[in-house]
Amino acid sequence: MFQNLSGRTILVTGASSGIGRSTATEFARSSPNSLRLMLTARRLDVLTEVAAEIKSEVGDGVKILTIQLDVSKPAEIHDFVERLPKEWGDIDVLVNNAGLAAGGMAKSPEISPAHIDIMFATNVTGLINMTQAILPTMLRRNKGDIINLNSIAGHEAYPRGSIYCVTKSAVRSYSDALRRELIETKIRVMEVAPGQVETEFSVVRFGGDRSAAAKVYEGCEPLTPEDVAEVIVF
Ligand code: NJP
């Protein structure tokens, strides 16, 4: 089904955990004989583990490059592009997955400015800067797929999650506008907007409090990161 991915170069941001990690694995499984997989996140040690795990499952047909990259830092994105090895430069698929919620379930007026900043810098500015950094190589070859991780929260806001919801509705608007800007090219802009997925997301949101995170999924059956990865690869 995914034979047409063979030979592609794929970049996944936030590949050290959850949906990004599963997406990387699923891409590798889809084209085990020929694929270039570029995995980025802030935790390079975890990325190294992910790469080893994927290699041990699919073998050497998948070339993996791990790069430490904090998408909330524009200078790091700039350096990342400047330093990309030549053979990794023609990126076919960009999965803008890195993202987070922070500050628990705070509501206005108690949301801390620091939490507002980190959510915007990662989910919005980071995603836009990554897209702008990679788009020139796609435009030059008139081909490419950009897949932005949105959320149901970007379509329907919920109380005590206002800033996260705003960032995801910004992703929605940006993706809509970009899709229209690129309509006459062969570059596709897609969004995947899951509901609740059990990953490290809630642990990060609650600052490492695993029992608060577990409560988020009480009484419901969340999606798994593998569920979302299958949709992204499709
Ligand atoms: O969360 P998690 P998910 N620069 O915490 C990375 C959306 N979503 O897989 O940097 C670079 O397991 C972080 O890596 P590290 C959500 O909004 C989720 O659930 O090493 N990377 C890790 O690999 C997000 O856009 C749900 O800490 C940064 C990854 O991001 C995407 O799915 C529902 C970074 C986060 O992995 C993946 O989240 C939904 C930075 N500044 C949408 N900050 C859900 N889980 O319920 C974080 O609809 N990362």
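Both counts, for ligands and for their atoms, begin at 1 and track the order of listing. One is the number of the first residue; the rest follow in order along the sequence.
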Check the pair Arg210, Glu200 against side chain to side chain contact (heavy atoms under 4.5 Å, CB included), reporting the backbone distance first and the verdict last.
-> CA-CA 9 Å; Arg210 289 192 176 267; Glu200 291 295 302; 3.1 Å; yes
Do Phe206 and Phe201 pass the ring-ring contact (aromatic ring centres under 6.0 Å, His included) test, and can you show the C-alpha distance, the side-chain angles, and the key distance before you say yes or no?
-> CA-CA 9 Å; Phe206 288 102; Phe201 180 83; 9.6 Å; no
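Residue Arg43 approaches ligand 1 through these ligand atoms, each under 4.0 Å from one of its heavy atoms: 14 (O), 15 (P), 20 (O), 27 (O). Contact atoms of ligand 1 toward Ser151: 39 (C), 42 (C), 48 (O) (distance under 4.0 Å to a heavy atom of the residue). Short contacts between ligand 1 and Leu69, defined as distances under 4.0 Å to a heavy atom of the residue, involve ligand atoms 4 (N), 11 (C). Those atoms of ligand 1 that come under 4.0 Å of a heavy atom in Gly18, given as number and element, are 9 (O), 12 (O).
Not one N or O of Val204 is nearer than 3.5 Å to an N or O of ligand 1, by distance alone. For ligand 1, none of its N or O atoms has an N or O atom of Ala41 under 3.5 Å away. Taking distance alone, with nitrogen or oxygen atoms compared against 3.5 Å, Gln196 stays at or beyond that limit from ligand 1. Of the N or O atoms in Asn97, one or more lie within a sub-3.5 Å distance of an N or O in ligand 1. In terms of polar-atom proximity, defined here as any N/O pair under 3.5 Å, Ala193 makes no such contact with ligand 1. Of the N or O atoms in Gly14, one or more lie within a sub-3.5 Å distance of an N or O in ligand 1.
Of the protein's heavy atoms, Thr199 OG1, 3.4 Å lies nearest to atom 1 (O) of ligand 1. The nearest heavy-atom contact from the protein to atom 33 (C) of ligand 1 is Gly195 O, 3.1 Å. Scanning the protein heavy atoms around atom 43 (N) of ligand 1, the nearest turns out to be Arg42 NH2, 3.3 Å. Scanning the protein for heavy atoms near atom 42 (C) of ligand 1, the closest one is Asn150 O, 3.3 Å. Of the protein's heavy atoms, Val197 O, 3.0 Å lies nearest to atom 45 (N) of ligand 1. The single protein non-hydrogen atom nearest to atom 22 (C) of ligand 1 is Ser16 OG, 3.6 Å, given as residue, atom name and distance. Looking only at protein heavy atoms, the nearest one to atom 16 (C) of ligand 1 is Tyr164 OH, 3.6 Å. Counting only heavy atoms of the protein, atom 12 (O) of ligand 1 lies nearest to Ser17 OG, 2.6 Å.
A heavy-atom distance below 4.5 Å is not found between the side chains of Thr66 and Met38. Considering only heavy atoms from C-beta on, Leu135 comes within 4.5 Å of Ile187 through its side chain. In this structure, Gln196 and Glu221 have side chains that are not in contact, with every pair of non-hydrogen atoms separated by 4.5 Å or more. Side chains of Val71 and Leu127 form no contact here, defined as non-hydrogen atoms less than 4.5 Å apart. The shortest side-chain heavy-atom distance between Trp88 and Leu11 does not fall under the 4.5 Å cut-off. Between Val231 and Asp227 the shortest side-chain heavy-atom distance does not fall below 4.5 Å.
Counting heavy atoms only, Asp70 comes closest to atom 40 (C) of ligand 1 of the residues Asn148, Ile19, Asp70.
The residues Arg36 and Asp92 are annotated as not salt-bridged, no charged nitrogen and carboxylate oxygen being separated by less than 4.0 angstrom. A salt bridge links Glu57 with Arg29: at least one charged nitrogen is closer than 4.0 Å to a carboxylate oxygen. Using a 4.0 Å cut-off between charged nitrogen and carboxylate oxygen, Lys63 and Glu87 do not count as a salt-bridge pair.
Looking at Thr122 against ligand 1, only its side chain comes within 4.0 Å, counting heavy atoms. Here Thr13 has no heavy atoms under 4.0 Å from ligand 1, in either its backbone or its side chain. Here Arg21 has no heavy atoms under 4.0 Å from ligand 1, in either its backbone or its side chain. The residue Val228 has no part lying near ligand 1, judged by heavy-atom distances below 4.0 Å.
The closest approach between a heavy atom of Lys73 and any atom of ligand 1 is not below 4.0 Å. Residue-ligand proximity: Ser22 is placed with every non-hydrogen atom at 4.0 Å or more from ligand 1.
In the model, Asp209 has a side-chain atom that pairs as donor or acceptor with a side-chain atom of Ser211 under 3.5 Å. Side-chain polar atoms of Ser175 and Asn148 form a donor-acceptor pair below 3.5 angstrom.
Judged by the 6.0 Å distance and 45° axis criteria, Arg179 is not positioned over the aromatic ring of Tyr174.
When hydrophobic clusters are built by joining Ile, Leu, Val, Met, Phe, Trp and Tyr residues whose side-chain heavy atoms come closer than 4.5 Å, directly or via intermediates, Met190 is not grouped with Val124.
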